[in-house]
Protein chains: 2
Amino acid sequence: MVTLKQLAKELNVSISTVSKALNNSEEIGEETVRRVKELAELYNYKPNKVALSLKQNKTKTIGVIIPDILNHFLAKVLFGIEREASKYGYNIITCISNESLDKEKESMHFLANGSVDGFILSLAEETQMKNEVEHFKKIMAQGLPIVMFDRVAHDVMCDKVIVDDFEAIYNATKNLQAKKRKHIAFISSIDSLSVGKLRERGYNKAILEQQTAKPLVLKIKKKDDNQKKIYSFLKKNPEIDAVVAADSASGVIAINAAIKLGLKVPKDISVIGFSSKADSNLTFPRLTTIRQHAKEIGANAAQLLINRLQNKSLEEDVKTIIVKTSIVKSKSTV
Amino acid sequence: MVTLKQLAKELNVSISTVSKALNNSEEIGEETVRRVKELAELYNYKPNKVALSLKQNKTKTIGVIIPDILNHFLAKVLFGIEREASKYGYNIITCISNESLDKEKESMHFLANGSVDGFILSLAEETQMKNEVEHFKKIMAQGLPIVMFDRVAHDVMCDKVIVDDFEAIYNATKNLQAKKRKHIAFISSIDSLSVGKLRERGYNKAILEQQTAKPLVLKIKKKDDNQKKIYSFLKKNPEIDAVVAADSASGVIAINAAIKLGLKVPKDISVIGFSSKADSNLTFPRLTTIRQHAKEIGANAAQLLINRLQNKSLEEDVKTIIVKTSIVKSKSTV
DNA sequence: CTGAAAGCGCTAACAA
DNA sequence: TTGTTAGCGCTTTCAG
């Protein structure tokens, strides 16, 4: 890589002249500017990012800590973050916590040494279970702002972007009840996550508001065979006439299991799930889905962080943005 | 963030003494080392990464350019890259080209200014279609090594990690033939990609080796309704008794479409697809899949790059690693 | 209009 | 054993 020094030498001017010329400073003579720019072009000069970062004490880089990149929702949020950030000239350093508290801490400390200007993150499962937040506070105390999304720590004072999980499932369940479904089950493979719990609570509330009904819940653990579990669950509880799924795979599998059991969807059983468009396409009939607008969540998170980075003076209060879900009706519900 | 300077001042020693003490230099007195380390600990001192990068002219950061983070295979490769790289203390800067040549170029140039030590990438669809490779060569000429995976540019002399796409589909098709399937169709939604073409060629070769058979191919475009397309395809061609899918969604949909058409899987129709374990779980019966070992691909790519970064002297010849696929038999084939 | 010099945080050769 | 100095590449103040 060419440096200012080399250009300066070749042009027989000083380094600062070259620097100023390239930055269109008024101070430098027209002719000099021309010569400098010409040579810079020729050598494909680009200012060294690292030197700039050191000088300006900011990297224009955001650290993103994602619990699981194979989770389609999280990947989509990452996509949203990246797209929004790159609009503002920011780069993304991605670390994957793999749902582990230690890896989360490690990654953050590894980056909290000048590598990044701030963090966007969603909590690892283990972090949520143990409810540890000290590492977040420590890093914020160092002057690095954090934005949390989806799985957030309510005890940490920082900007947040969340989904109306509770309401979304509550409304979905209410909807099914309005269509005269009497035995609505809830299936979740994300019971250990805060959002999983919220969703279950939304379901429970709707169910318990109807005096005749009782909650019927299937929880799937990571090591379980989700396909087998769901199939047996539906088989053992033939009265079920509707399923609300807290995650994408469970919704898809529920439809296919029902069909396998000889049921008609949605006539005999309605299914509704948290899922993206691509996944809702996998089944016949297509899955009615609760869309989380993952990209928007990512974009909002990036916005919040960049705002805070650029108006550090303003030290405003922390914001929480709720990105509303929407139900996209398809043929798996009546 | 605390700096060496501040520690030095507080301890009444010079900056270099502090630096050496923290780096366990033999030169410094035991007592001094103790005092320095104590204070550093107290203040949670961490060497500024940016300053180190500038000094050592390397960032310990890898630029990864991914065409599409929502593609499960690519996300998994990213996972593999991240995990392997972090073992060696490397960070990952992720850019998403969104299948666009311009974004790919832009991202690379944006990072090729000292931000990263090298690149790992898979070509954008547009890059493959236009067969443009100048930007890769330019960046390599600047001294930044590149490792390509999956969708590679054969005209560029760099390390590569690829999949045996051709053979995998060839073998899968041969397998179906051995089970007396007579009308084997091929369904692909990735026709424009190099790997998509390879897979089709593998299928064609196997089919054409059987004198009685003719290829029967369905190509799905991005804007198409893949569900509808596949359903009508199977309906219009009732003689089909086996499907080879070049991508994950097509395989899943093919099974569900067949069931919807009243066919028995695998008795009436076998289905085999390129897919991951999670996706193969979505259908009844489970989808027999060709696994690409995406994480391994990522790990290999990271290995290759880090090797090259650390043995720059050795300027060895470029390597191409082929990560063999394996077929995981399930109930969608006999 | 141009250049010298300081400084961002760090390491390392050299001096004391 | 400790300190001084130079330098990584850049911007910016101040002097010429």
Side-chain angles (χ1 to χ4, degrees), chain A residues 1-37 39-40 43-61 89 110-117 142-144, chain B residues 1-37 39-40 43-61 89 110-117 142-144:
Chain A
M1 284 198 24
V2 215
T3 65
L4 288 184
K5 205 182 188 177
Q6 292 163 42
L7 294 179
K9 193 169 160 199
E10 190 143 341
L11 290 163
N12 267 317
V13 294
S14 76
I15 293 176
S16 52
T17 302
V18 180
S19 170
K20 286 171 188 165
L22 290 174
N23 290 305
N24 296 314
S25 161
E26 301 288 308
E27 301 178 11
I28 305 297
E30 223 176 278
E31 168 66 7
T32 316
V33 170
R34 204 190 43 69
R35 282 177 56 222
V36 170
K37 289 201 167 170
L39 198 70
Y43 285 158
N44 191 25
Y45 168 81
K46 274 176 267 152
N48 182 307
K49 187 86 179 296
V50 174
L52 279 178
S53 297
L54 182 62
K55 181 81 188 157
Q56 303 175 341
N57 198 27
K58 59 182 182 190
T59 59
K60 287 272 231 170
T61 302
F110 192 62
L111 295 180
N113 56 2
S115 295
V116 302
D117 295 342
Q142 279 178 45
L144 289 169
Chain B
M1 285 194 25
V2 214
T3 64
L4 287 185
K5 204 182 188 175
Q6 292 163 42
L7 295 179
K9 194 171 161 196
E10 190 144 341
L11 290 164
N12 267 317
V13 294
S14 78
I15 294 177
S16 57
T17 302
V18 180
S19 169
K20 286 172 188 162
L22 291 173
N23 290 305
N24 296 313
S25 163
E26 302 288 308
E27 301 178 11
I28 306 296
E30 224 175 276
E31 167 65 8
T32 317
V33 169
R34 204 189 44 67
R35 283 177 56 222
V36 169
K37 287 200 168 170
L39 198 70
Y43 285 158
N44 190 25
Y45 169 81
K46 275 176 267 152
N48 183 307
K49 186 86 180 296
V50 175
L52 279 178
S53 296
L54 182 61
K55 180 79 186 158
Q56 303 175 341
N57 199 26
K58 58 182 181 189
T59 59
K60 288 273 231 170
T61 302
F110 192 62
L111 296 180
N113 54 4
S115 295
V116 301
D117 295 343
Q142 278 178 48
L144 289 169

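Note on naming: letters A, B, ... go to the chains in the order of the sequence lines (proteins, then strands), and numbering restarts at 1 for each one. It should be emphasised that the depicted structure is a prediction, and the values quoted were computed from it without experimental measurement.
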> Do you know which two heavy atoms are closest between A:Gln6 and A:Met1, and how far apart they sit?
Replying inline: NE2-O, 4.0 Å
>> Checking A:Ser16 now: which residues fulfil side-chain hydrogen bond (donor to acceptor under 3.5 Å, both in side chains) with it, not counting sequence neighbours?
In response: A:Ser14
> Between B:Ile28, B:Leu4, B:Leu7, B:Val36, which is the residue that forms a side chain to side chain contact (heavy atoms under 4.5 Å, CB included) with B:Ser19?
Replying inline: B:Leu4
> When rounded to the nearest 0.5 angstrom, what distance separates CG in B:Leu54 from CG in A:Asn48?
Replying inline: 6.5 Å
>> For a quick check of understanding: with a heavy-atom distance under 4.0 Å over all strands, which category does B:Val50 fall into, base, sugar-phosphate or nothing?
In response: nothing
> Contact class for B:Thr32 (heavy atom, under 4.0 Å): base, sugar-phosphate, or nothing?
Replying inline: sugar-phosphate
Just to verify, what does [X] make a salt bridge (Lys or Arg N to Asp or Glu O under 4.0 Å) with, not counting sequence neighbours?
X: A:Lys58; result: none
X: B:Glu27; result: B:Lys20
X: A:Glu30; result: none

Between atom [atom1] in [X] and atom [atom2] in [N], what is the gap in whole Å?
X: B:Asn12; N: D:dT2; atom1: CG; atom2: C1'; result: 13 Å
X: B:Glu26; N: D:dT2; atom1: CD; atom2: P; result: 13 Å
X: B:Lys58; N: C:dT11; atom1: NZ; atom2: P; result: 13 Å

> Under 4.0 Å between a side-chain N/O of B:Ser14 and OP1 or OP2 of D:dG3, yes or no?
Replying inline: yes
>> Angle between the two end axes of the helix from C:dC1-D:dG16 to C:dA16-D:dT1, five base pairs per end, rounded to 10 degrees?
In response: 60°
> So, is the end of the B:Lys49 side chain (NZ or CZ) under 6.0 Å from the ring centre of A:Phe110 and within 45° of the ring's axis?
Replying inline: yes
>> So if I define the base as every atom that isn't primed, P, OP1 or OP2, how would nucleotides 8-16 of chain D read as a B/S/- string at a heavy-atom cutoff under 4.0 Å?
In response: BBBBBB---
